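Reading through the structure tokens given below for one structure.
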Amino acid sequence: MRVSRYSIYEVILFHFFVLVYYLTFSHKDMWGSTIALLGITIVLILLEYLRTKLFVSPLLLWYVFWLGVISVGRMDLNLYPFYQTWSRELLNVVILNTVIFFWFFWAGEFLNLKVSSMRKDRLPLMNRGDLLAGITLCILIVSATAFFINVIYTGYIPQLTGDANSYRQSFVVTPFYRIVNLFRFVFAIVPFAFIYTRQRIFKIGIVLFSLILMGMEMLSGWRSYTLQAMVLLLTSLFLVLDVGNRERKRSAKKTLPIIAAAVSAALVFIGYVAVTRDGVIGAFKEKFNYLLYTLDMYIAPNFLNFQSGMNSIEPLGYPLYTTEAFWGLVTSWDELPPYPPIDQAIGAFNVSTYLLQPYVDLGIPGTLIWSGVAGITAGSIFRKCRERLNSGSVILLGIVNFSVLVMHNNFFFRASSTVLWIAAGAAIDLFILMSGIRRQRVMKG
């Protein structure tokens with residue numbers, strides 16, 4: 001394994017970030033130390049892009065949505081009276097988990113490179129492009145149809161009611177919307193299905209129904225569902241545009257406009273939801289202040305909620321909350337013995353970082369275990385996607401990237417649908433593989 005100079009620079013600079021982060025804690029509410037940390041983070045982002053030439057590196061996203069967030073999140077911007085501030089214990093837990101994720105990411109890359117570097121072809125998706133396109137188009141049509149039936153079943157579309165907050169919860173608990181949730185993984189295979197099929201009708205159908213389904217996700221009134229779809233789609237799209245070392249420069253020129261368009265679309269969508277769902281009207285300054293307030297509410301309270309949980313909750317001693325995605329397939333919270341609520345109320349949003357559920361299960365060691373699992377999975381699946389692509393690996397990378405995106409806001413791996421997405425990707429790969437084997441047998445016979 002050849003270690004690039006960018007990797008060496010990253011490792012050194014990351015540990016310098018950690019040192020600065022720790023030493024400036026007593027000045028955490030001052031913009032000087034925060035700007036210095038954000039400057040280091042920007043350099044780390046640049047180094048990771050130079051190392052991989054990919055915007056979908058989980059480590060690059062982690063630099064943005066974890067290092068960037070913990071740099072700002074520890075500040076008190078006086079936008080809301082939280083009645084508490086970061087403690088030394090919270091600082092130590094955050095630093096430990098930050099270091100563990102970073103180390104285990106590199107370990108995951110190294111281990112997967114040793115295991116799978118002998119197979120570097122991308123034939124599984126390329127050789128059966130028409131079959132993959134047919135499967136993709138069918139899933140898109142079924143999902144869009146399920147959404148349409150759900151509208152008829154419920155009698156409304158949340159974003160078009162004028163009061164989305166009152167309708168969006170009941171809209172997504174129906175059997176029909178469960179189909180939409182189950183098939184959301186399709187966005188991860190849309191770009192490959194489009195690029196590898198030779199049938200024009202498939203290409204048109206995939207583009208048309210992808211746009212329709214993305215619009216439907218927005219109309220549900222749930223930001224998280226739309227962001228899931230966008231992350232899955234962009235992860236796959238950037239892998240498609242990664243066409244090899246000889247064309248890296250061309251690939252970068254293609255991806256930058258897409259990044260700009262995706263960020264613009266996300267901001268427009270957030271603004272649209274603010275006006276229609278949260279009732280924010282008035283001058284541009286009022287909307288801008290609301291945007292800053294909302295961003296801070298999705299960052300600052302989450303760490304304080306976790307701190308409140310550490311101070312008030314006794315760990316269970318066994319993994320319950322962190323395994324919900326698995327046991328949720330066969331039962332529900334209502335069927336389990338009553339457990340004490342873990343949501344915290346500090347006068348703001350009651351969500352927490354991804355660290356709360358592991359802490360409630362196993363204490364601080366539980367947080368370190370899950371940070372290690374997240375890191376080694378992210379590094380391993382990213383390396384696998386760079387060497388050999390299939391539906392399952394691309395879907396899993398999309399899940400990992402979304403998990404990294406919301407680490408500061410949630411423990412994402414709670415929904416059982418994510419387990420089913422991975423299983424569905426494996427099933428598609430198996431079906432395509434068996435189809436290819438049967439075709440070879442027929443040709444030889």
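All values reported here derive from a predicted model rather than from experimental measurement.
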Does any part of the side chain of [Y], heavy atoms only, come nearer than 4.5 Å to the side chain of [X], both counted from C-beta?
X    : Y    : result
K384 : L396 : no
L234 : F55  : no
F382 : S57  : yes
W327 : L336 : yes
Y49  : L60  : yes
K203 : I195 : no
Q357 : I342 : yes

Test log, rule side-chain contact (heavy atoms from CB on, under 4.5 Å), inputs F16 and I12: CA-CA 6 Å; F16 179 69; I12 295 173; 5.7 Å; no

Pair [X]-[Y], side-chain donor/acceptor within less than 3.5 Å:
X    : Y    : value
E217 : T226 : no
N181 : S417 : no
N302 : S352 : no
Y156 : S170 : yes
S380 : N112 : yes

Quick check on ring-ring contact (aromatic ring centres under 6.0 Å, His included): which of W62, F14, Y63 does F101 satisfy it with?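 Result for ring-ring contact (aromatic ring centres under 6.0 Å, His included) with F101: W62.
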
Positive for ring-ring contact (aromatic ring centres under 6.0 Å, His included) with W370, one of Y359, F411, Y354: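 For W370, the ring-ring contact (aromatic ring centres under 6.0 Å, His included) test succeeds with only one of Y359, F411, Y354, which is F411.
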
Look at the rings of [X] and [Y] and say which category their plane angle falls in: under 30° parallel, 30 to 60° tilted, over 60° perpendicular.
X    : Y    : value
Y6   : Y9   : perpendicular
F412 : W421 : tilted
Y21  : F17  : parallel
F65  : H408 : parallel
F147 : F171 : perpendicular

Which atom of [X] lies closest to which atom of [Y], heavy atoms considered:
X    : Y    : result
A188 : V394 : O-CG1, 3.3 Å
S71  : L37  : OG-CB, 3.5 Å
P315 : L362 : CB-C, 4.2 Å
V351 : N409 : CG2-ND2, 3.6 Å
G73  : I299 : CA-CG2, 3.5 Å
I206 : A193 : CD1-CB, 3.8 Å

Evaluate side-chain contact (heavy atoms from CB on, under 4.5 Å) for I157 paired with T161, printing each intermediate quantity in order. CA-CA 6 Å; I157 300 175; T161 61; 5.8 Å; no

Supply the atom-to-atom distance [X] [atom1] to [Y] [atom2], rounded to the nearest 0.5 angstrom.
X    : Y    : atom1 : atom2 : result
T197 : F202 : OG1   : CZ    : 6.0 Å
L227 : M218 : CG    : CE    : 9.0 Å
L140 : L213 : CG    : CG    : 6.0 Å
I422 : I399 : CD1   : CD1   : 4.0 Å

On the six-membered ring of W222, is R168 placed so that its NZ or CZ lies under 6.0 angstrom from the centre and within 45° of the ring axis?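 Positive - R168 is close enough to the ring of W222 and near enough to its axis.
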
Find out whether the Lys NZ or Arg CZ of R414 is both under 6.0 angstrom from the six-membered ring centre of Y321 and within 45° of the ring's axis.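 Verdict for Y321: no cation-pi partner in R414.
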
Side chain of [X], backbone of [Y]: donor and acceptor closer than 3.5 Å?
X    : Y    : answer
D429 : N390 : no
T367 : I364 : yes
S391 : G425 : no
N97  : V93  : yes
S236 : L233 : no
S143 : I139 : no
D361 : L320 : yes
D130 : R198 : yes
T322 : P319 : no
T323 : F326 : no

Before giving the answer on side-chain contact (heavy atoms from CB on, under 4.5 Å), spell out for F185 and T418 the whole-Å C-alpha distance, their side-chain angles and the decisive distance to 0.1 Å. CA-CA 8 Å; F185 73 86; T418 55; over 6 Å; no

May I ask you to check whether W66 and F303 place their ring centres under 6.0 Å from each other?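 So the answer is yes for these two rings.
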
Candidate pair L355 and M407, rule side-chain contact (heavy atoms from CB on, under 4.5 Å), full reasoning: CA-CA 8 Å; L355 298 171; M407 271 184 168; over 6 Å; no

For the pair E109 and R51, find out whether any cationic side-chain nitrogen is under 4.0 Å from an anionic carboxylate oxygen.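 Yes, charged N to carboxylate O under 4.0 Å.
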
